[in-house]
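Worksheet: the structure to be examined is printed underneath.
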Amino acid sequence: MPLLKMENLKKHYGKGTRTVKALDDVSLSVEKGEFVAIVGTSGSGKSTLLHMLGGLDRATEGKVYVDGNDIFTMSDEKLTIFRRRSVGFVFQSYNLVPILNVLENILLPLELDGGKIDQGYLDQVIRALGLQDKIHSLPSNLSGGQQQRVAIARALATKPSIILADEPTGNLDSKTSQEVLILLKQMSEKFNQTIVMITHNENIAQTADRIIRIEDGRIVSGSSPAPGASPL
Ligand SMILES: Nc1ncnc2c1ncn2[C@@H]1O[C@H](COP(=O)(O)OP(=O)(O)OP(=O)(O)O)[C@@H](O)[C@H]1O
Ligand SMILES: [Mg+2]
């Protein structure tokens, strides 16, 4: 059973003749440990797709299963808890809390959830992302690439079922983008972490295990793992 499954999903905005079919009957599956890129032009439905996978918004029709959970049958309260525990988000704009230092930012989702801290795992993540010398720094004293690495560490901290990243390198220069990309790929391999990442950039997409292409709210290729592909 795939870790992530979307079935005949539709997301329409507005009503009547002005309806925008942001997602128009989308089905896809992702195996545990896969690193998948979603590629498409502006307005094709990429962010909408990611929001559906992460339970940030509800579908008009269709289903999303994460780790066997049918997420849209959950109450709003349950869906909030699901997001906090099972989904790590990484955004283009990093979204760090400016008054908290690096370590406090990384620990924030764990503390919100009252979860136990796995110190050994956390140290591994911090080291893997090269942040060990920065844990007491404030975000404003870090470069963009460093801030994004903190956001990735924060997303990994709760050991989520999936990490969803919307243009994670959108604000970075090409060299830093490559570095962040390589780190994301390493995290997916090292921690068998499932990652779904949106990008406009074809070179960046090529780093992923698989590319899902979306046009006008429909998937045109890459909706399921290649036959025989065995993600680690
Ligand atoms: N809240 C909303 N209300 C109405 N229409 C929306 C809303 N969110 C998205 N849309 C529309 O749905 C379509 C898909 O938008 P989406 O944000 O998913 O595109 P995208 O592929 O992420 O684009 P970009 O690359 O520019 O971020 C667009 O036509 C957009 O205008
Ligand atoms: Mg978008």
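One-based numbering, in listed order, for ligands and for the atoms of each. Values below: all heavy atoms of this structure, side chains included; hydrogens, waters and symmetry mates excluded. Sequential numbering from 1 along the given sequence is applied to the chain's residues.
The two residues Ala157 and Ile106 make their nearest non-hydrogen contact at CB-O, 3.6 Å. Asn192 and Lys32 get closest at one heavy-atom pair: O-NZ, 3.3 Å.
In this structure, the protein non-hydrogen atom closest to atom 27 (O) of ligand 1 is Ser47 OG, 4.0 Å. Nearest protein neighbour of atom 6 (C) of ligand 1, counting heavy atoms only, is Tyr13 CD1, 3.2 Å. Counting only heavy atoms of the protein, atom 25 (O) of ligand 1 lies nearest to Lys46 NZ, 2.7 Å. What sits closest to atom 18 (O) of ligand 1 on the protein, heavy atoms only, is Thr48 OG1, 2.6 Å. Looking only at protein heavy atoms, the nearest one to atom 26 (O) of ligand 1 is Ser42 OG, 2.6 Å. The protein heavy-atom contact nearest to atom 12 (O) of ligand 1 is Ala22 CB, 3.4 Å.
Within 6.0 Å of the NZ atom in Lys185, the count of heavy atoms belonging to other residues, nucleotides or ligands exceeds 12. Dense packing is recorded around CG of Asp123, with more than 12 heavy atoms of other residues, nucleotides or ligands lying under 6.0 Å away.
Salt-bridge annotation for Lys46 and Asp166: absent, with no side-chain N of the basic residue lying under 4.0 Å from a carboxylate O of the acidic one. Ion pairing between Lys10 and Asp25 fails under the 4.0 Å rule for side-chain N and carboxylate O. Checked for salt-bridge contact, Glu77 and Arg83 miss the test: no charged N lies under 4.0 Å from a carboxylate O.
A donor-acceptor pair under 3.5 Å is absent between the side-chain atoms of Thr41 and the main chain of Ser44, judged by distance alone. A side-chain donor-acceptor contact under 3.5 Å links Gln147 to the backbone of Leu142.
Residue pairs that meet the salt bridge (Lys or Arg N to Asp or Glu O under 4.0 Å) test with at least one member in residues 56-69, sequence neighbours left out, are Lys11-Asp57, Arg58-Asp76, Lys63-Asp70.
Of the N or O atoms in Gly43, one or more lie within a sub-3.5 Å distance of an N or O in ligand 1. The shortest N or O to N or O distance between His200 and ligand 1 is under 3.5 Å. For ligand 1, the polar-atom distance check against Gly45 finds a nitrogen or oxygen pair separated by under 3.5 Å.
Within the 4.0 angstrom cut-off, atom 22 (O) of ligand 1 has one or more protein heavy-atom neighbours.
Only side-chain heavy atoms of Val20 come within less than 4.0 Å of ligand 1; its backbone N, CA, C and O stay farther off. For Thr41, every heavy-atom contact with ligand 1 shorter than 4.0 Å involves the backbone, none the side chain.
Here 1 is the count of protein N, O or S atoms positioned under 2.8 Å from the Mg ion (ligand 2), waters not counted.
Looking at Ser93 and Asn95, their side chains do bring a donor and an acceptor atom within 3.5 Å of each other.
The distance from atom CD1 of Ile81 to atom OG of Ser75, rounded to the nearest 0.5 Å, is 7.5 Å.
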